[in-house]
Amino acid sequence: ERDARPGTLMFVDLDQFKALNDARGHDVGDEALVLVAALLRATVRPADLVARLGGDEFALWLDGADELAAAERAEELRIATPVALAETTEGTGLTLGMSIGIATRWPGRGEALEAVIQRADQAMYHVKRSGRGHWHVSRPEPRG
């Protein structure tokens, strides 16, 4: 708000993680999480925030970035994730991908951070319900 710039929240869920743990064990699952964290950090700017929420869910905050910039990062992740994690899934028949929800908070709109969190979460679950392995942008309700 202070700098009159947008900020974008991305919720990321690793697809097929439970199946990987079941097939290859928790040590390999932990290895996959470390690789995912490194991939997320490499995909965003050093000033952006990357956090593990728990299990196989992560959040990214892209300060000063709009939904277009976030969608570009999400598309990079969509392509890179199965490749980066191919070794961890070897012999399982699994392909690990990411379901990503994107929500931008625009300055001057007065949208509460809780609403942005809810929109990012709903967008991620929309991706989960519609086949996984891609991303979706949630737009705020029009001001009336």
Side-chain angles (χ1 to χ4, degrees), residues 1-109 111-141:
E1 241 1 271
R2 180 179 55 235
D3 296 331
R5 299 181 324 157
T8 298
L9 180 63
M10 298 172 66
F11 272 6
V12 176
D13 187 82
L14 187 59
D15 299 326
Q16 304 294 332
F17 181 70
K18 182 181 179 330
L20 176 67
N21 270 338
D22 291 347
R24 303 261 337 253
H26 291 280
D27 288 345
V28 174
D30 289 347
E31 180 184 326
L33 291 174
V34 169
L35 290 169
V36 165
L39 180 60
L40 293 173
R41 284 192 304 270
T43 303
V44 299
R45 302 163 299 181
D48 294 328
L49 300 175
V50 177
R52 181 175 174 208
L53 299 177
D56 61 344
E57 292 186 350
F58 294 82
L60 290 75
W61 177 257
L62 302 137
D63 195 40
D66 62 14
E67 57 200 28
L68 180 59
E72 289 172 351
R73 303 296 186 298
E75 184 63 12
E76 290 173 25
L77 290 168
R78 185 192 67 77
I79 294 166
T81 301
V83 175
L85 298 176
E87 194 173 302
T88 63
T89 60
E90 192 173 330
T92 64
L94 298 171
T95 300
L96 296 182
M98 290 181 180
S99 294
I100 303 171
I102 300 169
T104 297
R105 183 181 189 281
W106 295 96
R109 291 187 54 98
E111 183 179 24
L113 186 56
E114 292 78 13
V116 177
I117 292 169
Q118 184 177 20
R119 287 194 300 111
D121 191 49
Q122 288 173 347
M124 182 189 69
Y125 279 103
H126 170 78
V127 172
K128 289 283 194 191
R129 288 188 302 273
S130 59
R132 304 174 192 259
H134 59 280
W135 50 270
H136 180 76
V137 174
S138 171
R139 293 191 169 72
E141 293 292 322

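The residues of the chain are indexed from 1 along the displayed sequence.
- Taking CE from Met10 and OG1 from Thr104, the interatomic distance works out to 10.0 Å, rounded to the nearest 0.5 Å.
- One finds the CG atom of Leu113 at 12.0 Å from the CD atom of Gln118 (value rounded to the nearest 0.5 Å).
- For His126, the ring-ring contact (aromatic ring centres under 6.0 Å, His included) partners are His136, not counting sequence neighbours.
- A donor-acceptor distance shorter than 3.5 angstrom exists from the side chain of Arg45 to the backbone of Asp63, with no hydrogens or angles considered.
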Exercise for the section: Determine, stepwise, if the pair Met98 / Val36 fulfils side-chain contact (heavy atoms from CB on, under 4.5 Å). Expected result: CA-CA 10 Å; Met98 290 181 180; Val36 165; 3.7 Å; yes

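- Atom NZ of Lys128 sits about 4.0 Å away from atom OG of Ser99, to the nearest 0.5 Å.
- Glu90 has no carboxylate O lying under 4.0 Å from a charged side-chain N of Arg24, or vice versa, which leaves the two without a salt bridge.
- Using a 4.5 Å cut-off on side-chain heavy atoms (C-beta onward), Glu67 and Trp106 make contact.
- The heavy-atom pair separating Gln16 from Leu94 by the smallest distance is OE1-CD2, 3.7 Å.
- Looking at Arg119, its side chain never comes within 3.5 Å of a backbone N or O of Gln122 through a donor-acceptor pair.
- Between the side chain of Ser138 and the backbone N or O of Ala103, no donor-acceptor pair lies under 3.5 Å.
- Formation of a donor-acceptor pair under 3.5 Å by the Arg73 side chain with backbone atoms of Thr43 is found in this model.
- Within 6.0 Å of atom NZ in Lys18, 12 or fewer heavy atoms from other residues, nucleotides or ligands are found, so the atom counts as exposed in its surroundings.
- Under the 3.5 Å distance criterion, the side-chain polar atoms of Asp15 are matched with a main-chain donor or acceptor of Gly133.
- Applying the side-chain hydrogen bond (donor to acceptor under 3.5 Å, both in side chains) rule to Arg105 yields the partners Glu1; only residues at least two apart in sequence or on another chain are considered.
- Proximity of Leu9 to Ile102: side-chain heavy atoms (C-beta onward) are nowhere separated by under 4.5 Å.
- Residue Gly29 comes nearest to Leu20 through the heavy atom pair CA-CD2, 4.2 Å, listed as atom of the first residue, atom of the second, then distance.
- When side chains are defined from C-beta on, Tyr125 does not count as touching Asp13, because their heavy atoms never get closer than 4.5 Å.
- Side-chain N or O atoms of Asp3 include none that pairs as donor or acceptor with a backbone N or O of Arg5 at under 3.5 Å.
- Summarising the geometry, atom CG belonging to Leu62 is positioned 4.5 Å from atom CG belonging to Asp48; distances are rounded to the nearest 0.5 Å.
- Annotation: side chain of Arg52 is in contact with side chain of Leu33 (closest heavy-atom distance under 4.5 Å).
- Listed for the Thr88 side chain is a donor-acceptor partner under 3.5 Å among the backbone atoms of Leu85.
- In this structure, a donor-acceptor pair under 3.5 Å is present between the side chains of Glu75 and Trp135.
- Put simply, CD1 on Ile100 and CZ on Phe58 are 11.5 Å apart, with the number rounded to the nearest 0.5 Å.
- Nearest approach of Ala65 to Thr8, heavy atoms of both residues: O-OG1, 2.6 Å.
- Glu76 contributes atom CD, which lies 9.5 Å from atom CG of Leu39 (distance to the nearest 0.5 angstrom).
- Contact annotation: the side chain of Phe11 approaches that of Leu53 to within less than 4.5 Å [non-hydrogen atoms, C-beta and beyond].
- Annotation: salt bridge (Lys or Arg N to Asp or Glu O under 4.0 Å) contacts of Asp30 (sequence neighbours excluded): none.
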